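Reviewing the structure listed below.
Keep in mind that the numbers below use all heavy atoms, side chains included, and drop hydrogens, waters and symmetry copies. Every value quoted in this text rests on a predicted model; they were computed, and no experiment measured them. For this chain, numbers begin at 1 and follow the sequence in order.
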Amino acid sequence: MFDWEAAWHAALYGPGGFFARGEKPSSHFRTSPLVGPELGVALVELLSRVDAALGFPPVVDFVDVGAGGGELAFAVRSLASGSLASRLRVTAVELGPPVELPGVRWTSAVPSCVGLLVGHEWLDAIPCPVVTGPSSDPWITRWWPSLADGEQAEVGAPRDAAWAAAVSSVRGAALAIDYGHLISSRRFSLTGYRDGRQVPPVFDGSCDITAHVAMDACAEAAGGDWVLVSQRDAMAALGLVGEAAGSGWDWLESAARAGRIAELRDPSGLGSFGWLLHGNGVAVSDLLPALPPWRPIPASFSAS
């Protein structure tokens with residue numbers, strides 16, 4: 001029987017694997033940190049709220065799990081200011097080769113930390129077993145009851161375990177930003193990406209292999225105080241709405257910024273990503289106001 005999880009892991013992280021040999025996501029698909037600094041601005045604001053809720057500890061952490069080329073970690077390091085900047089420790093977690101960036105330390109394992117941990121498009125790259133219905137797998141029974149005979153499904157248990165462990169490592173807050181589905185909208189989504197294009201998910205190390213995240217299962221596995229909202233709503237709640245204003249160069253700069261924010265909040269694109277935020281020693285209500293619950297959209301499933 002073909003071991004999907006082992007083949008997936010080897011294709012990404014084994015000798016000669018896609019990420020193990022140093023490929024960076026920025027070379028193969030567009031992610032929110034590549035749009036501009038605005039995601040970093042939003043996360044610095046969220047980190048500031050976590051910092052305040054923790055009582056301004058002597059050292060406050062920003063941990064970027066699945067950091068890729070470190071773009072998000074470096075943006076947060078660069079954008080932080082004042083007292084926060086003087087106490088900030090930024091850590092990028094990545095299994096592939098690190099990238100030398102000022103003020104960013106690298107590690108291959110999720111550290112214990114006090115502050116904010118972010119897994120930006122991390123969970124979707126954690127390999128999973130694949131089963132074909134009917135299946136008696138306990139995770140499928142609980143989280144994919146709609147699986148029909150002959151249909152395939154990714155078993156999200158490894159993602160649940162990884163996210164629960166990450167949340168437990170933090171005193172403060174942990175945030176998963178990813179595309180995914182809910183129990184009401186499960187769909188087999190395993191696919192590959194190479195050079196900006198979607199490709200068949202071959203397990204020879206030539207492409208990134210990814211699949212949608214069962215966000216509700218991850219939330220329950222980690223437990224505690226949590227909310228699941230859209231990137232569109234979360235960014236607005238953190239002050240990123242974006243309108244062109246002023247005149248001359250000021251207008252041009254504000255219009256460019258507004259365009260980047262619009263891309264990040266586009267409900268048919270990046271704005272449809274789920275933000276799963278857990279508080280650990282911090283109340284989520286101190287970090288975000290009440291927002292509509294996240295709902296996946298069909299457009300988030302790339303065509304096969």
> Would you say Arg295 and Leu182 make side-chain contact, with heavy atoms under 4.5 Å?
Replying inline: yes

>> Return the OG1 to CG distance between Thr141 and Leu147, rounded to the nearest 0.5 Å.
In response: 9.5 Å

> Linking I/L/V/M/F/W/Y whenever any side-chain heavy atoms sit under 4.5 Å apart, do Phe74 and Leu88 land together?
Replying inline: yes

> Val114 and Val59: side-chain contact (heavy atoms from CB on, under 4.5 Å), yes or no, with the steps?
Replying inline: CA-CA 8 Å; Val114 177; Val59 176; over 6 Å; no

> Can you tell if the side chain of Leu175 reaches within under 4.5 Å of the side chain of Leu46, non-hydrogen atoms only?
Replying inline: yes

> Is it true that Leu277 and Val118 fall in one hydrophobic cluster, defined by side-chain heavy atoms closer than 4.5 Å?
Replying inline: yes

> When hydrophobic residues are tied together by side-chain contacts of less than 4.5 Å, even through go-betweens, does Val63 share a cluster with Ile177?
Replying inline: no

> Do Tyr193 and Ile126 belong to the same hydrophobic cluster, where Ile, Leu, Val, Met, Phe, Trp and Tyr are linked whenever their side-chain heavy atoms lie under 4.5 Å apart, directly or via other members?
Replying inline: no

>> Salt bridge or not between Arg77 and Asp64? Use side-chain N to carboxylate O under 4.0 Å.
In response: no

> How long is the span from the CG atom in Leu190 to the CG atom in Asp124, to the nearest 0.5 Å?
Replying inline: 11.0 Å

> Are any of the side-chain heavy atoms of Val227 and Leu291 separated by less than 4.5 Å?
Replying inline: no

> Which is it for Met235 and Ile261 under the side-chain contact (heavy atoms from CB on, under 4.5 Å) test, yes or no, and what are the steps along the way?
Replying inline: CA-CA 9 Å; Met235 292 197 70; Ile261 292 173; 5.5 Å; no

> Is there a donor-acceptor pair closer than 3.5 Å between any side-chain N or O of Arg49 and the backbone N or O of Asp286?
Replying inline: no

> Just by modelled atom types, is the Gly69 backbone N or O under 3.5 Å from a matching donor or acceptor in the Glu94 side chain?
Replying inline: no

> Is the backbone N or O of Ile183 less than 3.5 Å from a side-chain atom of Asp216, with the two atoms forming a donor-acceptor pair by type?
Replying inline: yes

> If you look at every heavy atom in Ala164 and Ala221, which pair is closest and at what distance?
Replying inline: CB-O, 3.7 Å

> Do any N or O atoms from the side chain of His120 and from the backbone of Ala67 form a donor-acceptor pair under 3.5 angstrom?
Replying inline: no

>> Looking at every heavy atom in both Cys128 and Val155, which two are closest together, and how far apart are they?
In response: CB-O, 3.2 Å

> Any side-chain heavy atom of Arg105 sitting closer than 4.5 Å to one from Arg89?
Replying inline: yes

> When you measure from the side chain of Ser272 to the backbone N and O of Ser268, does any donor-acceptor pair fall under 3.5 Å?
Replying inline: no

> How long is the gap from CG on Asp178 to CH2 on Trp275, to the nearest 0.5 Å?
Replying inline: 12.5 Å

> What pair of heavy atoms forms the shortest contact from Ala222 to Trp163, and how long is it?
Replying inline: CB-CD1, 3.8 Å

> Given the rule in the side-chain contact (heavy atoms from CB on, under 4.5 Å) test, do Phe19 and Leu95 qualify, once you have shown the distances and angles that lead to the verdict?
Replying inline: CA-CA 7 Å; Phe19 291 128; Leu95 295 179; over 6 Å; no

> Roughly how far, to the nearest 0.5 Å, is OG of Ser230 from CZ of Arg265?
Replying inline: 8.0 Å

>> Under the criterion side-chain contact (heavy atoms from CB on, under 4.5 Å), I'd like the reasoning laid out for Leu276 against Trp294: C-alpha separation, chi angles, the key distance, then a yes or no.
In response: CA-CA 9 Å; Leu276 173 58; Trp294 174 76; over 6 Å; no

> Have Asp204 and Ser206 got a donor and an acceptor in their side chains that come within less than 3.5 Å?
Replying inline: yes

>> Determine whether a donor-acceptor pair (N or O, by modelled atom type, separation under 3.5 Å) exists between the side chain of Trp8 and the backbone of Ile209.
In response: yes

> Would you say the side chains of Ser189 and Tyr179 form a donor-acceptor pair under 3.5 Å?
Replying inline: no

>> Tell me the closest heavy-atom pair linking Ala237 and Leu288, and the distance in Å.
In response: CB-CD2, 4.1 Å

>> So, taking the atom named CG in Leu238 and the one named CG in Leu47, what distance separates them when rounded to the nearest 0.5 Å?
In response: 11.0 Å

> Taking a hydrophobic cluster as the set of Ile, Leu, Val, Met, Phe, Trp and Tyr residues connected by side-chain heavy atoms closer than 4.5 Å, whether directly or through intermediates, do Leu84 and Phe62 fall within one such cluster?
Replying inline: yes

> How long is the gap from CG on Leu39 to CG on Leu270, to the nearest 0.5 Å?
Replying inline: 9.5 Å

>> Which heavy atom of Glu5 sits nearest to which heavy atom of Pro158, and what is that distance?
In response: OE2-CG, 3.6 Å

>> Please find the pair of heavy atoms, one from Ser146 and one from Arg186, that lie closest to each other, and give the distance.
In response: OG-CB, 4.5 Å

> How would you list all residue pairs meeting side chain to side chain donor-acceptor pair (under 3.5 Å) that involve residues 147-161, not counting sequence neighbours?
Replying inline: Trp139-Asp160

